[in-house]
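Note sheet for the following structure.
Values reported hereafter were calculated over all heavy atoms of this structure, with side chains retained and with hydrogens, waters and symmetry mates removed. Convention: sequence-line order gives letters A, B, ...; per-chain numbering from 1. In this text, all values refer to a predicted model and were calculated from it rather than measured experimentally.
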Amino acid sequence: MPELPEIETIVRGLAPHLVGRAVCTVRVREPRLRERIAPDFARALVGREIHSLARAGKTVVAGLDDGLRWLVHLGMTGRLTLQGADVAPRPHDHVEIGLDDGRCLVYNDVRRFGRLVVVAPDAVAAEVGLGLEPLGEDARPDVLAARARRRRLSVKAFLMDQRLLVGIGNIYASEILFHAGLRPWRRAGRLSLAEWQRVVAATRHVLEDAIACGGSTISDYRDGFEGFGSYQLRHAVYGRAGEPCVRCATRLRSRVIVGRSSFYCPTCQR
DNA sequence: CGCACCCCCTGCCGGC
DNA sequence: TGCCGGCAGGGGGTGC
């Protein structure tokens with residue numbers, strides 16, 4: 001689910017409400033996530049003030065007043081939402097963080113593929129993925145071309161590899177490659193610089209548009225206040241196999257690439 | 001190195 | 001109606 005635009009939406013929404021707040025209580029109802037929540041997780045958060053809230057790749061990063069970082073990765077179905085005081089727990093509400101204004105930050109996750117951990121600041125990069133931020137200054141066509149040199153992986157696998165770029169997942173990889181006019185299985189190492197320029201332009205365009213729309217709600221995703229995203233209404237190809245291409249009316253197709261469904265227009269993408 | 005194939009977990013949908 | 005297989009935005013490990 002939550003890729004860069006969804007995490008960015010959550011962080012932008014929650015930051016004004018969380019920064020400056022102190023954590024009063026932590027209740028872990030279900031520690032068995034993809035990685036079990038550490039026994040000292042609650043102790044690491046209680047009494048801490050949240051100094052900052054930011055996104056790194058697909059991870060929410062909260063800076064604490066003792067210098068440590070609280071990382072939240074939402075996996076496929078995670079939700080991080082701010083609730084009023086004393087709301088009844090709902091199914092899959094696994095962690096509740098009580099704040100000093102009486103409100104409660106709730107981590108809900110049907111499939112429990114998420115991850116909650118407190119780490120030292122110098123460990124954040126390795127936890128998040130060492131790739132470039134796709135909206136950052138460093139994500140330039142020549143830099144990506146250099147990273148792809150002599151590599152045989154597909155351009156879609158390249159976009160989704162968090163060691164190369166952080167934040168792009170299965171939905172946005174398909175959308176980006178449609179806007180770049182490239183078939184998803186093209187070998188990354190064989191793209192021209194002009195094609196990398198299209199990839200970078202499409203990446204910025206798609207991610208910024210998606211952020212402006214509050215992300216994509218396919219089924220589970222909600223923002224920090226349980227709101228829906230609307231970028232799914234702008235998806236050109238994702239989930240649209242069999243439908244006509246918005247640009248040329250050719251029937252869109254899907255194909256599995258490195259284990260994930262990919263959607264593309266056989267006419268617009270070459 | 002790149003990928004196929006496992007795992008983690010729950011829910012939903014379509015076919016029979 | 002009910003069961004079963006397949007699939008779903010995440011990532012990690014193994015082995016060819």
Mind checking A/R32 for me? I need base, sugar-phosphate or nothing, with any heavy atom below 4.0 Å counting as a touch. nothing
Considering non-hydrogen atoms only, spot the tightest contact between A/Y107 and A/D109 and give its length. OH-OD2, 2.6 Å
If you compare all heavy atoms of A/V26 against all heavy atoms of A/V46, which two are closest, and at what distance to 0.1 Å? CG2-CG2, 3.8 Å
Counting Watson-Crick and G-U wobble pairs only, both distances under 3.5 Å, name the nucleotide matched with B/dG15, or none. C/dC3
Starting at CZ of A/R150 and ending at P of B/dC1, how long is that distance when rounded to a whole Å? 12 Å
Between CG of A/L33 and C1' of B/dT10 the distance, given in whole Å, is 13 Å
Of the nucleotides C/dA8, B/dC8, B/dG2, which one has an atom closest to the side chain of A/R34? B/dC8
Think A/R115 has a side-chain N or O under 4.0 angstrom from the OP1 or OP2 of C/dG11? no
Do any side-chain nitrogens or oxygens of A/S261 fall under 4.0 Å of OP1 or OP2 in C/dA8? yes
Checking A/I168, A/V166, A/L135 against A/L4 for side chain to side chain contact (heavy atoms under 4.5 Å, CB included), the one that qualifies is A/L135
What integer distance in Å separates A/R260:CZ from C/dG6:P? 18 Å
Using whole Å, what does the distance between atom P of nucleotide B/dC3 and atom CG of A/D161 come to? 10 Å
Heavy atoms only, 4.0 Å cut-off, all strands: where does A/R152 land among base, sugar-phosphate and nothing? sugar-phosphate
By the 4.0 Å heavy-atom rule, please label A/Q162 as base, sugar-phosphate, or nothing. sugar-phosphate
To the nearest angstrom, how far is A/L71 atom CG from C/dG10 atom P? 18 Å
Taking for A/E127 and for A/F263 the nucleotide of DNA chain C with the nearest heavy atom, the one nearer the 5' end belongs to A/F263
Among C/dG12, C/dA8, B/dC9, the one nearest any side-chain atom of A/Y238 is C/dA8
Contact summary for A/S174 and A/V237, nearest pair of heavy atoms: O-CG2, 3.6 Å
Considering only B/dC9, B/dC3, B/dG11, which nucleotide approaches the side chain of A/A157 most closely? B/dC3
Selection from B/dC3, C/dG11, B/dT10 that lies nearest to any side-chain heavy atom of A/H92: B/dT10
Between C/dG11, B/dC8, B/dC3, which nucleotide gets closest to the side-chain atoms of A/F113? B/dC8
Of the options B/dT10, C/dG10, B/dC3, whose atoms approach the side-chain atoms of A/V110 most closely? B/dT10
Whole-Å distance separating the CD1 atom of A/I168 from the P atom of C/dG10: 11 Å
Of the listed C/dG10, C/dA8, B/dC1, the closest approach to the A/R111 side chain comes from C/dA8
Would you call the rings of A/F263 and A/Y238 parallel, tilted or perpendicular, taking 30° and 60° as the class edges? perpendicular
Euclidean distance for P, C/dC3 against B/dC9 (whole angstrom): 23 Å
Expressed as a whole number of angstroms, how long is the span from A/W185:CH2 to B/dG2:C1'? 18 Å
Between C1' of B/dC8 and CZ of A/R112, the distance in whole Å: 9 Å
Give me the distance, rounded to whole Å, that separates C/dT1 from B/dT10 when you measure between the C1' atoms they each carry. 22 Å
Do A/D40 and A/R43 meet the salt-bridge criterion of a basic N to acidic O distance under 4.0 Å? no
Does the pair A/E133/A/R55 count as a salt bridge with the N-to-O cut at 4.0 Å? yes
Nearest listed nucleotide, side chain of A/K58, among B/dG2, C/dG10, B/dT10: C/dG10
Considering only atom P, compute the distance from C/dG10 to B/dC1 and round it to an integer number of Å. 24 Å
Quick one: label A/I218 by what it contacts on the DNA or RNA (base, sugar-phosphate, nothing), any heavy atom closer than 4.0 Å. base
